[in-house]
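Notes for the one structure printed next.
Everything numeric here is computed off the predicted structure, so don't read it as measured data. Numbers here simply count residues along the sequence, with the first being 1.
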Amino acid sequence: MKKILWLAFNAKFSHTSLTVRYLRQAAAQLNIESDILELTINNYVPDILSEIYAHQPDIIGIACYIWNIELVKHILPLVRKVLPNTLIICGGPEVSYGVAEFMEAQPAVDFVIRGEGEEAICELLELLINQQAVNKDRRLTAVPINPGIAWREGALETGSGAVIHEGQAVTVMDKLEPSVLRLPFPYIEAEMAEIREKILYYETSRGCPFSCAYCLSCATAGVRYRLLAEVLGELDFFVAHDVRQVKFVDRTFNAKKAHFLPIIQYIRNLPPACRTNFHFEVAVDYLDGETIALLQSMPRGRVQLEIGVQTTNKAVLRRISRVNHWEDICRNIKALQKNHNMHIHTDLIIGLPGEDLASFGRSFNDLYRLHTDMLQLGFLKFLKGSAMMDMVADYHYEYMDIGPYEVLSNAVLDYGEIRWLHIFEQVFELYYNGGRCLRATEYLIEHFFGGDAFQFYSRFTDYWEKLGNHRRAVSAKQLYGYLWEFFEMVLKADVGNGPPAGAIDWSAETHRDKSGQNHRDRSAQTHRLIMDNLMRFDALTADSGQNRPDFLHWNREKYQAQTAAFWRDKLPNGQGASAVLEGFKFTNWRELNKKYHIEIFDVPQSKALLFIYERRVFDRVMELNLTLQVKKTD
C-alpha cells in the first residue's frame with residue numbers, strides 16, 4: 001500500500017489547514033488511506049525535513065499559499081535529496097498560475113494540481129495508485145483527462161526531450177446543478193480533541209458575486225453553494241466537539257440571503273452553553289433590517305464579522321472594480337455595534353492604484369471614526385491570476401518578486417512612504433488593534449489633534465521610529481510608558497491650542513509668561529490627571545489586566561480598608577461583595593486578586609470601579625458604592 005502524506009505549512013500554530021483535510025477525504029473516497037502533517041512557517045528547516053522523512057511517504061502533496069511559498073521552494077530540493085523516489089504533488093493558489101515556470105524552476109515537483117483540486121487529485125491518485133500508471137522515472141504512462149493536472153513527460157532533467165503539460169485551473173462543478181457545491185466534510189472524529197482549541201476553517205460556498213481587482217475571486221465567475229442540510233449538520237459536529245472558533249472562508253458570506261440567513265438563525269439558536277465563535281466575512285452594506293436584527297440578538301461572543309472596506313476614495317474604488325455604499329456601511333456597522341455583542345473587524349488596503357498618502361489618511365479617518373474592534377491595515381499584494389497584474393505598468397508599480405508579493409512603490413507612493421506606513425501599521429497594531437491605551441489615545445486625538453486620528457498616529461509613528469522601537473521587541477507594559485512620554489512632548493509643545501499637529505516644532509521650548517511660569521500649568525496638570533486615570537483604566541481592561549505600569553498612580557493600598565470591608569461584607573446597606581456579585585464567597589486574597597480588582601478614579605469625580613476577569617480575561621466593569629474618605633493617621 002502506497003503511503004500518502006498531505007503537508008501544510010500554516011502561518012501560525014493556532015491555524016489549521018482546510019486544504020489538506022479536503023485532500024485526505026478525497027483520497028478516502030477512493031479507499032486510499034493518507035496522513036496529514038501540519039507544521040508552521042516558523043519551524044526550523046532541518047526539523048521540517050526530519051518530520052517529513054520520518055513518515056517515509058511514497059507520495060507527498062503540498063498546499064502552496066502566499067504565506068508559505070518561499071519556504072516550500074526552499075524545502076522541495078531537500079525533500080528530493082532525502083526521498084529520491086517519492087512523488088511530489090504541489091497545489092494551491094500559488095502554483096495554479098505560471099505553472100510551467102514553477103515546474104521548470106522546481107525539478108523536484110512531479111505534478112501540480114491547478115485550481116480547485118478535489119476532483120483532479122482523485123483522478124491523479126487513481127492513476128498513481130490504483131492503476132499504477134507511473135514509471136520508475138516518476139512519469140505517467142497514461143494521459144490524465146482532468147485538465148487540472150499538470151504533469152511532466154520525458155527525461156527527468158528539464159531541457160531536451162522534457163515536456164511540461166500545463167493543463168488549466170479548474171473549479172469543482174456539478175454539471176447537472178452548477179450552482180450546487182458538493183464537497184466532503186473535511187474534519188474527522190479522531191483529530192478533534194487535538195485541534196478543537198485552534199481556528200478551524202470551513203466553507204459553505206465558493207466564488208464571489210464581486211470582481212475586485214486585487215482578489216483571486218475575480219478569476220472565477222458565479223457562486224456555488226453547499227446544501228443547507230449538510231451545512232447545519234456539520235455545524236452540529238463543531239458544537240458537539242466544543243470547538244473554540246469556526247472561521248468561514250466564504251468570500252462574501254451574505255451573498256445569498258436564502259443561504260446565509262438559515263445558517264445564522266441556527267447559530268443564534270444554539271444553547272447558551274455553546275462557546276463556539278463563528279467568524280464571517282460580509283459585505284455589510286448589503287445587510288437588510290431583518291439580518292441586522294438577527295445579528296443584534298446573538299448571544300455575546302457567538303459571532304464576529306470581518307468587513308472589507310479597503311478605501312473610501314470613490315475614484316480608487318472604480319479603478320479596482322469595487323462598489324462601496326459608504327452611508328449604508330456606516331449605518332449598518334453602527335447598528336451592529338448597538339448591543340456590544342460581537343467583535344467587528346474592518347480592513348483597509350495600502351497601495352491601491354491612485355491612493356496617495358493624503359487619500360489613505362482620509363480613508364483611515366473615515367473608518368477609524370466607526371471605532372470597530374479592529375481596523376486591519378494590509379498592504380496590496382500582487383496575486384498571480386488577479387486583475388491587479390494588468391495594472392502594474394499603468395500605475396508604475398514595483399512589488400516584491402517573492403511571497404507575499406507586497407507593493408514597494410507606485411506612481412503616487414514612493415518606497416520611503418511605504419516603509420513609513422509599515423511602521424505606522426506596527427504602531428497601530430500594538431495599540432489600537434491590541435486593545436491597549438484606547439481611552440488615552442482617544443483623549444489625545446480629541447484634545448490635542450483636533451479629532452484627526454491619522455495625524456496623531458502619524459506623529460506617534462515618527463516618535464516611535466526616532467526611538468528605534470520599530471527595530472526592537474517592545475513589551476505590552478512598555479507601551480504605556482512610550483505613550484506617556486509622547487503625551488508629555490505634545491503637552492510641552494502646546495498642541496491643544498497651538499499650531500496644527502503636523503506643523504509642531506517638537507524641539508521648541510515651552511512658552512512661559514513674564515513671571516517665568518508656564519501659562520498653562522494648571523491645564524497641563526489637569527491633562528496629566530485625566531491621562532493617568534484613563535491609562536489606569538486602559539491597563540485594567542487590556543491584556544487581562546496583567547500590565548500595571550509603575551509610573552501610574554495606583555491606589556489599592558490607599559483605599560485598602562474600604563475595599564477590604566467590601567470583600568468581607570462589612571459595608572452597610574447591603575453594599576458588600578456577596579450582595580453585588582451573585583454567588584460570591586470569600587476564599588482567600590490570592591484567588592480573589594486573580595478574578596477582581598478595585599480601582600478608585602478621580603475624574604470627573606471620585607468613583608470606585610470593580611474590574612472582573614473570567615478565565616483570566618477581562619469580562620466587565622461595574623461601579624461600587626464605597627465611602628472613599630481616607631482616615632488620617634498621626
Would a 4.5 Å heavy-atom cut-off, applied to side chains only, mark [X] and [Y] as touching?
X: Lys384; Y: Met389; result: no
X: Asp236; Y: Tyr266; result: yes
X: Leu76; Y: Ile62; result: yes
X: Leu23; Y: Ile36; result: no
X: Ile60; Y: Ile52; result: yes
X: Ile4; Y: Arg24; result: no
X: Ile121; Y: Ile89; result: yes
X: Arg224; Y: Leu183; result: no

Is it the case that the side chain of [X] and the backbone of [Y] share a donor-acceptor pair, with hydrogens and angles ignored and the cut-off at 3.5 Å?
X: Lys3; Y: His55; answer: yes
X: Asn324; Y: Gln310; answer: no
X: Gln56; Y: Tyr53; answer: yes
X: Thr16; Y: Ile199; answer: yes
X: Arg182; Y: Val172; answer: no
X: Thr40; Y: Lys12; answer: no
X: Asn10; Y: Phe13; answer: no
X: Arg80; Y: Leu83; answer: yes
X: Glu123; Y: Ala120; answer: no
X: Glu177; Y: Asp174; answer: no

Donor on one side chain, acceptor on other, [X] and [Y], under 3.5 Å:
X: Gln304; Y: His345; result: no
X: Glu153; Y: His165; result: yes
X: Trp420; Y: Thr461; result: no
X: Tyr201; Y: Arg21; result: no
X: Arg472; Y: Asn469; result: yes
X: His259; Y: Thr204; result: yes

Show me the donor-acceptor pairs within less than 3.5 Å that the side chains of residues 392-409 make with the rest of the protein, sequence neighbours left out.
| unit_1 | atom_1 | unit_2 | atom_2 | d |
| --- | --- | --- | --- | --- |
| Tyr397 | OH | Gly351 | O | 2.7 |
| Tyr405 | OH | Glu94 | OE1 | 2.7 |
| Glu406 | OE2 | Lys381 | NZ | 3.4 |

[X] with [Y]: basic N within carboxylate O range, under 4.0 Å:
X: Arg319; Y: Glu355; answer: no
X: Glu118; Y: Arg206; answer: yes
X: Glu191; Y: Lys198; answer: no

Are the aromatic ring centres of [X] and [Y] under 6.0 angstrom apart?
X: Tyr187; Y: Phe237; value: no
X: Phe428; Y: Phe364; value: yes
X: Phe210; Y: Tyr286; value: yes
X: Tyr202; Y: Phe238; value: yes
X: Phe260; Y: Phe248; value: no

Determine whether more than 12 heavy atoms belonging to other residues, nucleotides or ligands lie under 6.0 Å from atom NE2 of His325. yes
In terms of heavy-atom contacts, does CD of Glu429 have more than 12 from other residues, nucleotides or ligands at under 6.0 Å? yes
Please test Leu357 against Leu413 for side chain to side chain contact (heavy atoms under 4.5 Å, CB included), starting from the C-alpha separation and ending with a verdict. CA-CA 7 Å; Leu357 197 58; Leu413 284 174; 4.2 Å; yes
Smallest separation among heavy atoms of [X] and [Y], with atom names:
X: Ile344; Y: Asp373; value: N-OD2, 2.7 Å
X: Ala258; Y: Leu228; value: O-CD1, 3.7 Å
X: Val303; Y: Asn277; value: C-ND2, 3.6 Å

Between Leu317 and Val323, does the side chain to side chain contact (heavy atoms under 4.5 Å, CB included) criterion hold? Intermediate values first, please. CA-CA 6 Å; Leu317 287 167; Val323 176; over 6 Å; no
In terms of relative ring orientation, are Trp67 and Tyr65 parallel, tilted or perpendicular, with 30° and 60° separating the classes? parallel
How far apart are the C-alpha atoms of Asp58 and Leu87, what are their side-chain angles, what is the distance that settles it, and do they pass the side chain to side chain contact (heavy atoms under 4.5 Å, CB included) test? CA-CA 6 Å; Asp58 298 296; Leu87 296 171; over 6 Å; no
Going through the distances and angles, do Arg322 and Val316 end up as a side chain to side chain contact (heavy atoms under 4.5 Å, CB included)? CA-CA 9 Å; Arg322 183 179 176 87; Val316 176; over 6 Å; no
